[in-house]
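Accompanying notes for the structure given below.
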Amino acid sequence: MSLEYTSAEMMTVTAARALENGMTCFVGIGLPSEAANLARLTHAPEVVLIYESGTLQTKPDVLPLSIGDGELCESALTTVSVPEMFRYWLQGGHISVGFLGTAQIDRYCNLNTTLIGDYHDPKVRLPGGGGAPEIATNAHEVFITLKHSKRTFVKDVDFITTLGFGRDGKGRDGVPNIGKGPTRAITDLCVMKPDPETKELVVVSLHPGVSREDVYDATGWEIRFAEQLESTPEPNAHELEVLRELKERTARKHTGEV
Amino acid sequence: MSLEYTSAEMMTVTAARALENGMTCFVGIGLPSEAANLARLTHAPEVVLIYESGTLQTKPDVLPLSIGDGELCESALTTVSVPEMFRYWLQGGHISVGFLGTAQIDRYCNLNTTLIGDYHDPKVRLPGGGGAPEIATNAHEVFITLKHSKRTFVKDVDFITTLGFGRDGKGRDGVPNIGKGPTRAITDLCVMKPDPETKELVVVSLHPGVSREDVYDATGWEIRFAEQLESTPEPNAHELEVLRELKERTARKHTGEV
Amino acid sequence: MAEFLSLHDAVARYVEDGATVAMEGFTHLIPFAAGHEVIRQRKRDLTLIRMTPDLVYDQLIGAGCVKKLIFSWGGNPGVGSLHRLRDAVEKGWPHKIEIHEHSHAAMACAFEAGAAGLPLAVLRGYVGSELPNVNDQIKFIECPFTGERLAAVPSVRPDVSIVHAQKADRKGNVLVEGIIGVQKEAVLAAKYSIVTVEEIVDDLMTLPDYHPNACVIPGWAISAIAVAEKGSYPSYAHGYYPRDNRFYKEWDTIARDREVFTQWLEENVYNAGGQS
Amino acid sequence: MAEFLSLHDAVARYVEDGATVAMEGFTHLIPFAAGHEVIRQRKRDLTLIRMTPDLVYDQLIGAGCVKKLIFSWGGNPGVGSLHRLRDAVEKGWPHKIEIHEHSHAAMACAFEAGAAGLPLAVLRGYVGSELPNVNDQIKFIECPFTGERLAAVPSVRPDVSIVHAQKADRKGNVLVEGIIGVQKEAVLAAKYSIVTVEEIVDDLMTLPDYHPNACVIPGWAISAIAVAEKGSYPSYAHGYYPRDNRFYKEWDTIARDREVFTQWLEENVYNAGGQS
């Protein structure tokens, strides 16, 4: 049986599958939130979703537009203050995975959400760091999900808002009390992991129908491929159904139709 | 009309009168708590009582035995965590007066609640500092109340648990962000205030029927008397009635008769 | 002790030109009505502090009230850019603004430290980030017990903080429920504070669902209270009205263009009366 | 994820000889049942942390479980001394104990810092006090922004924290209400945690008076939960039973005398069964 699905759906389902039941996940808004909620509604009903607005263990019925939609609080086990969220829950070491999106990522998994160009004379001013700089260092590990393009995947980010492994891949070496950092990046084309030695991103799995050239052409440096290059498993019917219903509910809610 | 009252009642009523309506008072257990609640039940109904257990703006019907009796929480505007109490409310500068008791006090208003004798080989081990060290420095001012005796009023405390004005009266000089410190000490014999220059305690008011000699004999140093020595006003009938009822309710409650 | 004022009078009394102002509310309970009143009163040269500038600061920046912005995430949540913020930073319209940029963790800790009366906040933060290169307000200290290097930022101590909440009672005690953000911290850290509320009730403590550990700010810790019904719209008030996510999306179009924005401001802020 | 164990098994598994243990509850919800179980299991050489040692640590000290005590106020609240603590400190019975003495503010901040994953707490504290002369765990640092001298203490990071609470639900989520003290901080700061509760309910979120900002510790942040009805007696549980102030007064007589104490311990702890 072959299912119809988009590359965006492939990305979300793959990202969702990275989460395991029982993990505590600090969720970024947008793609990470979509993937995390899909995981919760499919294979990982006991995944614990935490948003920086203070909502602990939340189970929204529709995807929040903002990091602090009412839905998040109403379906949360409890809601704490934002200082408590960052101090006790994130910095306190209770987050197994930080799930982040980004505007730019480089070969050492550094993230830029600050600006394009020069800091003091920016070409494009982006929103900024938000929770990411400390999520990336205080969570036990980090998953990253974003669309693959030469604009987003650059050799060196214009600005390191959020540490992957630094300008030379050694940014976490010798730092006490720091998480493992990014352990995978999931795009609409493939799954990448940092090389255990150099920390440079390596493609470990291609999504169905995607070629090495596709990835190569969408990446701003000469990206390497794992020797044992895998093929990402396709979404199944249940995942697609749940994802589509979730997105439909969400769209209805945010256009005010509900 | 002459009323009958004890010297303990005189002390409590005088201490209560020191509190003004609208003051925020961080209340120590025992004599301060008795005085603070008497103030609230008589001339200062809007005095705000705060106990270190986290109970903000509490209005107990009976005196608490401990700093965290259930009564305090049930009658409080809200109850916050103990770290929040010390960080936001005390250290944050929201307390107008800290009301403290003590085991020992010296001529510079330093308080000892740690021990008698040598720290490493104590004759008597006292309970310790509790909230007092930071109440004394972070509240805008401090009132002290205790019974007068040579045992409690010593020239130099064995140990400065809590700063009055230091071993030389200059302990607050040049310290940024520090309260005024003790502004009065109220005993069963008299009211004392620190000399504006030297910070040494000076008797400013004698309770009715108390002589200079009485105070002199009960003080462990050659205490001075103000030039304009006043006579402390007597308790009135209403104060005595409210105080006695409060103590009676309290006794009934704590012996389990209620 | 909190004084009950009109929103107009509260802003007129406490928000001075050149002041440092924090308007808080993390997505929830954003004090839009108060922000609009600040615009109407044409306050100038403000240093604005807020974790997420959101639409309210986009409007204040576009209206020319702002000299400096201290923030940690300056986007339109779930939608994209804050175009007025970008236009000021990238092109200096209506004039250049200075920015001091932090992470959320640092800002949250800085509010906490401000409420706690401390001059600095200490956190495990900014490791490997280049933000310390461009913000001289981020320093590092060494733990005297472990030798660990820790980030330090100055605490937030605004001249005025403005927040919105659900209820105040007649004694000025304020109840905040739901996503409480850094609102209590903002109020306690500031020299003066204005709280706008959806409604005044008689006594919080007699509300049927009152909770012993509710997030309540006592009246004696607040300078002024002003009633502002729907005062956080298009943000929301838990228990009162939902977030208007549609307007947040529409804002992208309004704010993208200087003229459309100016017209929106004219119609919806300058000529929208306000209360007096 | 919290495991539901008997109190016996929870203490047997997590409290090792020589461990650093914090049993918290500020006057309210003191985990007496758990303390007695620790005595019954004859744990030794414990480093005990608690702001107010109270009767529970007086009993543990008298029973010979304790090597070191970290505390900030060691009295019988409203009554007087803790005689077992005094006897150990003054006369070395049943053996000498080491003490690290703080102020409440410093201990509260140290718990907060422990929960926050920091190695130290910073406070405006200990100014003019002689406690820093006798406790080498109190240091001073300089604020890199203002130059102000601030006190620093190591954060509290126990091997095990034990607290008592009103309710857990079937997923192990715990509700604490009333005087919440430093209980959440103690649990979050520790490597392992045991929470004893008055009762297990099906689901906290469906309780009729559930509050969106209730003090709840999620099950995944707790190691073990044990039911202990009246588990904080003679302390109290808000909503369940009051503090037995009379017993607190009687304790003065019991604890004053080594033999009376020993007999009390025999009858009320060693031979009082416990649960298995």
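Below, chains carry the letters A, B, ... as their sequence lines are ordered, and counting in each starts from 1.
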Under 3.5 Å: donor-acceptor pair, side chain of C:Glu148, backbone of A:Pro176 =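 Not a single qualifying donor-acceptor pair exists.
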With no hydrogens and no angle check, is any side-chain donor or acceptor of C:Glu101 less than 3.5 Å from a backbone partner on A:Gly128?
->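 Judged by distance alone, no pair lies under 3.5 Å.
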Report yes if the side chains of [X] and [Y] come closer than 4.5 Å at any heavy-atom pair, otherwise no.
X	Y	value
C:Lys249	A:Leu65	yes
C:Tyr126	A:Glu134	yes
A:Tyr119	C:Ile99	yes
A:Arg172	C:Val127	no
A:Thr162	C:Ser129	no
C:His28	A:Ser53	no

Among [options], which residue has the highest count of heavy-atom pairs closer than 4.5 Å to chain C?
options	result
A:Thr137, A:Ile29, A:Thr161	A:Thr161
A:Thr114, A:Leu90, A:Val124	A:Val124
A:Gly129, A:Gly68, A:Gly130	A:Gly130
A:Gly54, A:Gly70, A:Ser33	A:Gly70
A:Gly131, A:Pro64, A:Gly117, A:Gly166	A:Gly131

Roughly how far apart are [X] [atom1] and [Y] [atom2], rounded to 0.5 Å?
X	Y	atom1	atom2	answer
C:Arg86	A:Leu126	CZ	CG	7.0 Å
A:Gln91	C:Cys109	CD	SG	5.5 Å
C:Phe26	A:Thr55	CZ	OG1	9.5 Å
A:Glu74	C:His238	CD	NE2	5.5 Å
A:Ile67	C:Ile179	CD1	CD1	9.5 Å
C:Asp54	A:Ser66	CG	OG	8.0 Å

[X] versus chain C, heavy atoms under 4.5 Å apart: side chain, backbone, both or neither?
X	result
A:Phe159	both
A:Pro122	both
A:Leu63	neither
A:Asp69	both
A:Ser81	both
A:Val80	backbone

Could you tell me whether [X] atom [atom1] has more than 12 heavy atoms of other residues or ligands within 6.0 Å of it?
X	atom1	answer
A:Lys150	NZ	yes
A:Lys170	NZ	no
A:Arg244	CZ	yes

Which atoms of [X] are under 4.5 Å from chain A, going by heavy atoms: the side chain, the backbone, both sets, or neither?
X	answer
C:Met51	side chain
C:Leu82	neither
C:Arg124	both
C:Leu85	neither
C:Phe111	neither

Shortest non-hydrogen contact from C:Ala108 to A:Phe86?
->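 Smallest heavy-atom distance, with atoms named: CB-CD1, 4.2 Å.
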Taking all non-hydrogen atoms of both residues into account, name the closest pair between A:Arg125 and C:Glu90 and its distance.
-> N-OE2, 2.6 Å
Any donor-acceptor N or O pair under 3.5 Å, side chains C:His104, A:Glu52 |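 There is such a pair (donor and acceptor under 3.5 Å, judged by atom type) between the side chains of C:His104 and A:Glu52.
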What's the verdict on side-chain contact (heavy atoms from CB on, under 4.5 Å) for C:Trp73 and A:Thr113, showing C-alpha distance, side-chain angles and the deciding distance?
-> CA-CA 9 Å; C:Trp73 193 82; A:Thr113 53; 6.0 Å; no
Top contributor to chain A interface from C:Ala110, C:Gly80, C:Ala151, C:Ser72 [non-hydrogen pairs under 4.5 Å] |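 Of C:Ala110, C:Gly80, C:Ala151, C:Ser72, C:Ser72 has the most heavy-atom pairs under 4.5 Å with chain A.
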Please lay out, stage by stage, how C:Glu130 and A:Arg167 fare under the test salt bridge (Lys or Arg N to Asp or Glu O under 4.0 Å).
-> CA-CA 11 Å; C:Glu130 291 174 356; A:Arg167 296 279 180 200; 2.9 Å; yes
